[in-house]
Number of protein chains: 2
Amino acid sequence: MTVTLTTREAIARAAGALFEQHGYTGTSVRAVAAEAGVDPALVIRHFGSKEKLFLDTMDLQGHFGGATLGPLEELGERLVATLLGPGRDVRLSAYRAMVRATDSELVRARLLDALEEMFVGPLTPRLPGPHAELRARLIGAQVAGLLDQMALVEDPVLVSVDPDLLTRTYGAAIQALVGVPDPTGGPVS
Amino acid sequence: MTVTLTTREAIARAAGALFEQHGYTGTSVRAVAAEAGVDPALVIRHFGSKEKLFLDTMDLQGHFGGATLGPLEELGERLVATLLGPGRDVRLSAYRAMVRATDSELVRARLLDALEEMFVGPLTPRLPGPHAELRARLIGAQVAGLLDQMALVEDPVLVSVDPDLLTRTYGAAIQALVGVPDPTGGPVS
DNA sequence: GTCTATACGTCGATAGAC
DNA sequence: GTCTATCGACGTATAGAC
């Protein structure tokens, strides 16, 4: 239990909640200050700008941590299962908030970095066959696309579809880029 | 040649150019008015709001028109080839501008509609095997993911990679969801 | 029916006094 | 460190002139 919060912590906590709930544009510095119980000028003074406050608050790292490490035969399914597994809402909210703020160049750079750290770095040395780095980037693109439809535009069909079916179906498509066949069956099985 | 423009056309033209160049947030109503040579209040008077002006200006339709119609065996490759073919820059710019403005609920709804019209509608009745609609939506997700990396965060590797290689590689991953094997070879070939 | 002029309220950010 | 006061720019509304 945190009994007392520093001003900075209180601001960061309030900002995180508001940014996830109302987006970047929909959250004013004044609203963050009110929620944290501090003066609006303090928010800028502590974080430099609204943009930096947003970047300091949002965190995409660690959301696919272990999924790229296991056996390659089930990598496709494991990536989707990890995405849809425990903490699904937190992951989707974080991605949603980030992409909806991509009008900011710094936010876009952060997203590109996240792709690099989560997919290109871990997967490039592991993928067999030619063009491993390209395929690692395209696997990241596939995950981003699924996140787009589920978190950004919130396609009601994809949001409510059976996670196991989604895992098998989209996992097979990702597996096509891994280059190692999944013994459990074909894409449309 | 258009010799004279109505005020409304002049505003729309100026808005389209500025939105594509500087994004939604980065383009002020006053800047659009100045570029069009009219009073800022006129912009709102003609279009109702900056948000509606943006939606009236941007257009995603027709960008994948014929690609979903040809033979299923090469659908995956054809989708990527269409994306990267003539008009590539226009397509990427339009998608970029739209996604960077997804803080607006209307923009998100428009993106979801575009997915529906471009992929779900045409492809669902054509895909063989089970869960055709789900697979059509996931094909749309794959295309969105590639667009994300190329147009939104502008991954320099994907932007500059050989289009033919990208077409073959990512096309194979899409083909895994089509459910009809592509005779030209496997995903990693 | 256009268009101009002006103004309102809110925003992110800053300067300077406690 | 914190607050007060304020800045310039923003989206938008309106009243009234052509």
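Numbers restart at 1 for each chain; the letters A, B, ... are given by sequence-line order, proteins then strands. The figures here come from the full heavy-atom set of this structure, side chains too, leaving out hydrogens, waters and symmetry mates.
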Peer 1: Can you tell me the distance, in whole Å, between the CD1 atom of A:I11 and the C1' atom of D:dC3?
Peer 2: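 Checked: the CD1 to C1' distance equals 13 Å.
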
Peer 1: With the side chain of B:K50 defined as its heavy atoms from C-beta on, choose the nearest nucleotide among D:dT14, D:dT12, D:dC3.
Peer 2: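 Nearest listed nucleotide: D:dT12.
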
Peer 1: A:I44 side chain: which of C:dT14, D:dG11, C:dT4 is closest?
Peer 2: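 Within the option list, the nearest is C:dT14.
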
Peer 1: Passes salt bridge (charged side-chain N to carboxylate O under 4.0 Å, His left out), B:R13 versus B:E9? Steps please.
Peer 2: CA-CA 6 Å; B:R13 191 163 304 204; B:E9 280 167 348; 5.8 Å; no

Peer 1: With a 4.0 Å cut-off on heavy atoms, is A:T27 in touch with a base, just the backbone sugar-phosphate, or nothing at all?
Peer 2: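 Touches sugar-phosphate only.
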
Peer 1: Over how many whole Å does the gap from A:D39 atom CG to C:dT14 atom C1' extend?
Peer 2: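 Whole-Å distance recorded here is 13 Å.
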
Peer 1: When you measure from the side chain of B:R45, which nucleotide among C:dC3, D:dT4, D:dT2 comes out closest?
Peer 2: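 Looking only at side-chain atoms, B:R45 lies closest to C:dC3.
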
Peer 1: I need the CG-C1' distance between B:L53 and D:dT12, as an integer number of Å.
Peer 2: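 That distance rounds to 13 Å.
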
Peer 1: Whole-Å distance between C:dT6 C1' and B:L42 CG?
Peer 2: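 Value for this atom pair: 14 Å.
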
Peer 1: Using whole Å, what does the distance between atom P of nucleotide C:dC11 and atom NE2 of A:H22 come to?
Peer 2: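 A:H22 atom NE2 is separated from C:dC11 atom P by 13 Å.
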
Peer 1: Does any residue of residues 103-111 of chain A have a heavy atom under 4.0 Å from DNA chain C, and if so, which ones, in number order?
Peer 2: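 Per residue number, the list is empty: none.
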
Peer 1: To the nearest 0.5 Å, what is the distance between CG on B:L152 and CG on B:L92?
Peer 2: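 B:L152 atom CG to B:L92 atom CG measures 11.0 Å (nearest 0.5 Å).
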
Peer 1: If only side-chain N and O atoms of A:T7 are considered, is one of them under 4.0 Å from the OP1 or OP2 phosphate oxygen of D:dT2?
Peer 2: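 A:T7 to D:dT2 OP1/OP2: side-chain N or O found under 4.0 Å.
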
Peer 1: Less than 4.5 Å apart, any side-chain heavy atom of A:T169 and any of A:V161?
Peer 2: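 Not touching, per the 4.5 Å side-chain cut-off.
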
Peer 1: Hey, does A:V80 have a side-chain heavy atom less than 4.5 Å from the side chain of A:V143?
Peer 2: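 No - every pair of side-chain heavy atoms lies 4.5 Å or more apart.
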
Peer 1: For C:dG12, does the base pair up with any side-chain atom of A:R30 as donor and acceptor (N or O, under 3.5 Å, distance only)?
Peer 2: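 Present.
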
Peer 1: Between A:H46 and D:dT2, does any side-chain N or O lie under 4.0 Å from OP1 or OP2?
Peer 2: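 Affirmative; the distance criterion is met.
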
Peer 1: Using the six-membered ring of A:F47, assess whether NZ or CZ of A:R8 lies under 6.0 Å from its centre and within 45 degrees of the ring axis.
Peer 2: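 That pair qualifies as a cation-pi contact.
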
Peer 1: Taking atom C1' of D:dG1 as reference, at what distance in whole Å does atom CD of A:E9 sit?
Peer 2: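 Distance check: A:E9 CD to D:dG1 C1' gives 16 Å.
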
Peer 1: Nearest 0.5 Å, what's the OG1-CG distance between B:T167 and B:D162?
Peer 2: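 Between atom OG1 of B:T167 and atom CG of B:D162 there are 8.0 Å.
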
Peer 1: Can you work out whether A:G37 or B:A31 has the more 5'-proximal nearest nucleotide on DNA chain D?
Peer 2: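 Per heavy-atom nearest nucleotide, the more 5' residue is A:G37.
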
Peer 1: Rounded to the nearest angstrom, tell me the gap between atom CZ in A:F47 and atom C1' in D:dT2.
Peer 2: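 One finds 15 Å between C1' of D:dT2 and CZ of A:F47, rounded.
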
Peer 1: Rounded at 0.5 Å granularity, tell me how far CD in A:E20 sits from CG in A:D89.
Peer 2: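 One finds 10.0 Å between CD of A:E20 and CG of A:D89.
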
Peer 1: Look at the side chain of B:S49 and decide which nucleotide, out of D:dT12, C:dG16, C:dC3, has an atom nearest to it.
Peer 2: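 Of all the options, the side chain of B:S49 is nearest to D:dT12.
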
